Amino acid sequence: MWLDGRLIVNAAAYYIDWQDIQVLGTSATGGVPITVNGSAAESMGIELTTRWSITDHFELAANYTFNDAQLTEDAPGLVDGVDAFDGDRLAGTPEQQGTLLLAYTRPLDNGLTVTADYSLSAVSDVYTKVGMRDNGEALPGWAVHGLSFGLTDGRWSARLYADNLFDKYAVTSVRRDPSYIRRLGTGPDDVVPEQQFASRTYFQSMLRPRTVGLEFNYRFDL
């Protein structure tokens, strides 16, 4: 703590040693998503958080995380039957992510309090499969902004907000992989296309688009 307690910083470092790590896989029969055991892996990183009361009305808060997670032994057949190797990055989490919040609060003479805040959240790219083996993808990183204005008397509050302010389009996760986009049937496309049908069990999940709303809250004494 510094500046008479107006600036607070917390930091943590960690190291995780995994044996027989569990990762997402697919069953050999039926292609059903399952959990499988791999070899050894490790995850190490840092976490930083800070809160700074700049003035009586402005406050700045931020956090940042770095995570390096990878296999430390070869894992034959780990990724849907495809081998993964020592040093392959694990799937499902970004290496870096962070948030930033700037908040404004001002009490009024009539007993009401005005609030406003701006937020920014960002993540780096994410692997969909260990080491991007077997048609794995690297989903690009993204950043989203938020803005809100509010009014409260302590018992009730009203807030006008805009999430994903700039309508960022981003893929957050996938199911299966692009190889599952295929045509199936009894004949090839160029011979009897009427006997073909489209099979698409691969899909992507997206960020929620820009959302603007008005939120009311009331606190009851029970």
Side-chain angles (χ1 to χ4, degrees), residues 1-16 43-69 90-128 138-175 203-222:
M1 299 177 64
W2 292 272
L3 305 177
D4 296 325
R6 291 190 297 113
L7 176 61
I8 300 174
V9 179
N10 292 299
Y14 61 88
Y15 173 80
I16 301 171
S43 176
M44 64 182 79
I46 58 172
E47 296 178 351
L48 300 171
T49 63
T50 183
R51 183 176 294 273
W52 178 23
S53 297
I54 304 171
T55 69
D56 291 340
H57 304 298
F58 283 100
E59 185 175 76
L60 181 67
N63 69 67
Y64 170 78
T65 300
F66 173 80
N67 178 45
D68 180 20
L90 299 185
T93 57
E95 286 189 329
Q96 301 182 73
Q97 56 186 323
T99 63
L100 179 70
L101 174 68
L102 179 62
Y104 174 81
T105 305
R106 177 177 288 274
L108 303 178
D109 294 338
N110 59 8
L112 299 177
T113 299
V114 174
T115 63
D117 64 66
Y118 161 78
S119 63
L120 170 66
S121 299
V123 300
S124 62
D125 66 342
V126 174
Y127 283 13
T128 62
L139 305 181
W142 46 265
V144 292
H145 303 254
L147 188 65
S148 74
F149 300 93
L151 191 65
T152 181
D153 74 346
R155 179 178 291 273
W156 64 265
S157 64
R159 187 174 73 100
L160 177 66
Y161 66 88
D163 294 334
N164 194 358
L165 183 63
F166 300 111
D167 204 23
K168 176 68 176 180
Y169 176 91
V171 179
T172 57
S173 63
V174 301
R175 184 187 181 194
F203 66 80
Q204 300 173 332
S205 298
M206 309 297 177
L207 272 178
R208 188 175 182 178
R210 181 191 298 118
T211 304
V212 178
L214 185 60
E215 179 183 85
F216 292 95
N217 289 283
Y218 186 85
R219 180 173 57 83
F220 295 92
D221 291 329
L222 300 177

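Residue numbers start at 1 and run along the sequence shown. Quantities reported herein were computed from a predicted structural model and do not represent experimental measurements.
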Let me see the working for Thr105 and Asp56 under side-chain contact (heavy atoms from CB on, under 4.5 Å), right down to the final yes or no.
-> CA-CA 8 Å; Thr105 305; Asp56 291 340; over 6 Å; no
Grab the two heavy atoms, one from Ser148 and one from Arg159, that are nearest each other, plus how far apart they are.
-> CB-NH1, 3.3 Å
Side-chain touch Leu7/Thr50, heavy atoms, less than 4.5 angstrom = yes
Quick one: pull up CG in Asn164 and CH2 in Trp142 and give me the separation to the nearest 0.5 Å.
-> 8.5 Å
Heavy-atom closest pair, residues Phe66 and Gln96 = CD1-CG, 3.7 Å
Start with the C-alpha gap between Met206 and Val171, add the side-chain angles, then the distance that decides, and say whether side-chain contact (heavy atoms from CB on, under 4.5 Å) holds.
-> CA-CA 5 Å; Met206 309 297 177; Val171 179; 3.7 Å; yes
Take the angle between the ring planes of Tyr104 and Phe58 and call it parallel below 30°, perpendicular above 60°, tilted in between.
-> tilted
Any chance you could measure Leu207, atom CG, to Asp163, atom CG, to the nearest 0.5 Å?
-> 11.0 Å
Closest heavy-atom contact between Gly92 and Val126?
-> C-CG1, 3.6 Å
If you count the non-hydrogen atoms of other residues, nucleotides and ligands that lie under 6.0 Å from CG in Asp109, is the total more than 12?
-> no
Sequence neighbours left out, what passes side chain to side chain contact (heavy atoms under 4.5 Å, CB included) with Tyr15? Give chain and number order.
-> Asp17, Glu42, Met44
4.5 Å side-chain heavy-atom contact, Trp156 and Leu112 | yes
Heavy atoms of Leu101 and Ser119 approach each other most closely as CD1-CB, 4.1 Å
Heavy-atom pair of closest approach, residues Pro107 and Thr113 | CA-OG1, 4.0 Å
pair Leu48-Val9: side-chain heavy atoms closer than 4.5 Å | no
Answer yes or no: is there a donor N or O on one side and an acceptor on the other, between the side chain of His145 and the main chain of Leu120, under 3.5 Å?
-> no
Give, for atom CD1 of Ile46 and atom CG of Asp68, the distance between the pair rounded to the nearest 0.5 Å.
-> 11.5 Å
State, without any angle test, whether Asn67 and Ser43 hold a side-chain donor-acceptor pair at a distance under 3.5 Å.
-> yes
So how far is it from Glu95 CD to Asp125 CG, rounded to the nearest 0.5 Å?
-> 6.5 Å
Identify, with sequence neighbours excluded, every residue that meets side chain to side chain contact (heavy atoms under 4.5 Å, CB included) alongside Thr49.
-> Asn10, Asn63
Look at atom CZ of Arg51 and say whether more than 12 heavy atoms of other residues, nucleotides or ligands are closer to it than 6.0 Å.
-> no
So, the side chain of Arg210 versus the backbone of Leu165: is there a donor-acceptor pair under 3.5 Å, distance only?
-> yes
What's the shortest heavy-atom distance between Thr99 and Ser121, and which atoms?
-> CG2-OG, 3.6 Å
Ser157 side, atom OG; Glu215 side, atom CD - distance, nearest 0.5 Å = 6.5 Å
Is the backbone N or O of Ser53 less than 3.5 Å from a side-chain atom of Arg6, with the two atoms forming a donor-acceptor pair by type?
-> yes
Spacing of Leu60 atom CG and Thr55 atom OG1 [to the nearest 0.5 Å] | 11.0 Å
Is Arg155 atom CZ crowded by more than 12 heavy atoms from other residues, nucleotides or ligands, each under 6.0 Å away?
-> yes
